[in-house]
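From a predicted model like this one, the values you see are computed outputs, not experimental measurements.
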Amino acid sequence: MALLSILCFPDPKLHTVAKPVLAVDDRIQTLIADMLETMYEAKGVGLAATQVDVHERLIVIDVSEGRDTPLVLINPQLIWASPETHLNEEGCLSVPGIYDGVQRHDCVKVEALDAEGQKRLIEADGLLAVCIQHEMDHLMGKVFVEYLSPLKRNRIKTKMLKAQREARE
């Protein structure tokens, strides 16, 4: 297993729309393991392949207390979302240190392949539902700060670019 580099906003590669995974093979199994290791090391609850510069429809999530119940979603498709929504405080491994409110559906149903390539139906609410929606946005090339006002988004962009410059110095 290997730690992967996480792209940081405003990297334009974060806006790439992911392509479907064609086969759940050894390459994808290795990517899943590396993404899980990267997510756990970064103290995140979800990671999309887009965030590690692999533009395929693959997400890993673990919202469990013990950080020991990973969920793998390959080629996820949202098939239902509740009409009820609420504002959730979100953060993102690609936008470290930034948290803000995003309106999300309370419950979702998603069809996806699991790590073994088996089709699954996932019904989620609470943090898992928020995480699934957030990570699926990444697969569509969307970062959570895009839900914020242009003023907030520009402030975050300026802050992120400054932090990246300082890290290189």
Side-chain angles (χ1 to χ4, degrees), residues 6-21 32 35-36 38-40 42-115 118-160 163:
I6 298 172
L7 298 175
C8 283
F9 179 80
D11 191 314
K13 291 181 266 185
L14 287 168
H15 299 295
T16 305
V17 176
K19 302 211 177 330
V21 171
I32 290 168
M35 285 176 61
L36 284 167
T38 301
M39 178 188 73
Y40 289 132
K43 310 268 190 284
V45 294
L47 186 66
T50 301
Q51 293 175 270
V52 294
D53 206 14
V54 177
H55 303 285
E56 294 181 73
R57 295 185 57 78
L58 170 61
I59 294 169
V60 297
I61 295 172
D62 191 344
V63 296
S64 67
E65 283 285 316
R67 312 287 288 139
D68 57 1
T69 313
L71 176 64
V72 174
L73 302 176
I74 300 170
N75 298 333
Q77 297 292 327
L78 182 67
I79 59 170
W80 178 83
S82 67
E84 301 82 26
T85 64
H86 69 276
L87 200 61
N88 301 281
E89 184 82 359
E90 291 188 26
C92 181
L93 295 176
S94 291
V95 195
I98 304 294
Y99 299 88
D100 213 316
V102 177
Q103 199 78 23
R104 298 281 187 191
H105 297 281
D106 290 349
C107 304
V108 294
K109 290 183 186 177
V110 175
E111 275 186 356
L113 301 179
D114 64 16
Q118 301 299 309
K119 187 180 247 188
R120 294 194 48 200
L121 174 66
I122 294 94
E123 296 184 28
D125 60 8
L127 179 58
L128 180 57
V130 170
C131 194
I132 287 171
Q133 292 170 81
H134 177 108
E135 300 307 332
M136 286 183 70
D137 275 353
H138 278 300
L139 299 181
M140 297 307 297
K142 189 168 189 173
V143 181
F144 90 98
V145 296
E146 293 172 53
Y147 288 101
L148 307 178
S149 71
L151 178 63
K152 276 188 178 179
R153 195 169 46 249
N154 283 331
R155 283 184 180 158
I156 292 167
K157 182 178 180 179
T158 300
K159 184 175 183 177
M160 295 300 298

Self-check item: Atom of A115, atom of I74 and distance for their closest heavy-atom approach
Solution: CA-CD1, 4.4 Å
Quiz prompt | Beyond-backbone contact of E111 with K119, side-chain heavy atoms, under 4.5 angstrom | solution = yes
Quiz item: Does any N or O in the side chain of S82 come within less than 3.5 Å of the main-chain N or O of D106, such that one atom is a donor and the other an acceptor?
Solution: yes
Quiz item: Below 4.5 Å, heavy atoms only, C-beta onward: do D62 and L71 meet side chain to side chain?
Solution: no
Exercise. Nearest 0.5 Å please: distance from the NZ atom of K19 over to the OG1 atom of T50.
Key: 10.5 Å
Exercise. Could you give me the CA-CA distance, side-chain angles and deciding distance for I122 and K109, then say whether side-chain contact (heavy atoms from CB on, under 4.5 Å) is met?
Key: CA-CA 6 Å; I122 294 94; K109 290 183 186 177; over 6 Å; no
Quiz prompt | Contact summary for V110 and P76, nearest pair of heavy atoms | solution = CG1-CB, 3.7 Å
Exercise. Nearest 0.5 Å please: distance from the CG atom of D137 over to the CG atom of L14.
Key: 12.5 Å
Quiz prompt | CA sep, side-chain torsions, deciding dist, call: E135, Q51, side-chain contact (heavy atoms from CB on, under 4.5 Å) | solution = CA-CA 9 Å; E135 300 307 332; Q51 293 175 270; 3.1 Å; yes
Exercise. For the residue pair E90 and H134, confirm or rule out a side-chain donor-acceptor distance under 3.5 Å.
Key: yes
Quiz prompt | Min side-chain heavy-atom separation P70-V60 under 4.5 Å | solution = no
Self-check item: pair T38-I6: side-chain heavy atoms closer than 4.5 Å
Solution: yes
Practice problem: Determine whether I156 and L148 make a side-chain contact, defined as any pair of heavy atoms from C-beta on separated by less than 4.5 Å. | Solution: yes
Quiz item: Say you draw a straight line from CG of L139 to CG of L58; how long is it, rounded to the nearest 0.5 Å?
Solution: 8.0 Å
Practice problem: Give a yes or no answer on whether the side chain of Q133 reaches the backbone of A129 with a donor-acceptor pair at less than 3.5 Å. | Solution: yes
Quiz item: Side-chain contact, heavy-atom cut-off 4.5 Å: L113 with Q118?
Solution: no
Quiz item: What side-chain hydrogen bond (donor to acceptor under 3.5 Å, both in side chains) pairs are there with at least one residue in residues 151-160, not counting sequence neighbours?
Solution: D100-K152
Quiz item: Under the 3.5 angstrom rule, does the side chain of E56 hit a backbone N or O of V21 as a donor-acceptor pair?
Solution: no
Quiz item: How close do C131 and V63 get, heavy atom to heavy atom, and via which atoms?
Solution: CB-CG1, 4.4 Å
Quiz item: Does the side-chain contact (heavy atoms from CB on, under 4.5 Å) test come out yes or no for I132 and I61, once each step is laid out?
Solution: CA-CA 8 Å; I132 287 171; I61 295 172; 3.6 Å; yes
Quiz item: Looking only at heavy atoms, what is the nearest atom pair of M160 and P10, with distance?
Solution: CB-CD, 4.4 Å
Quiz prompt | Donor-acceptor contact below 3.5 Å, side chain S94 vs main chain L7 | solution = yes
Quiz item: Heavy atoms, side chains only, cut-off 4.5 Å: are Y147 and R104 in contact?
Solution: yes
Quiz item: Hey, what do you get for NZ (K13) to CG (D53), rounding to the nearest 0.5 Å?
Solution: 4.5 Å
Quiz item: Would a distance-only check, ignoring hydrogens and angles, find a side-chain to backbone donor-acceptor pair under 3.5 Å from H138 to A48?
Solution: no
Quiz item: Do H105 and V130 have side chains that get closer than 4.5 Å, going by heavy atoms?
Solution: no
Quiz item: Hey, mind stepping through W80 and C107 against side-chain contact (heavy atoms from CB on, under 4.5 Å) and telling me if it holds?
Solution: CA-CA 8 Å; W80 178 83; C107 304; 3.8 Å; yes
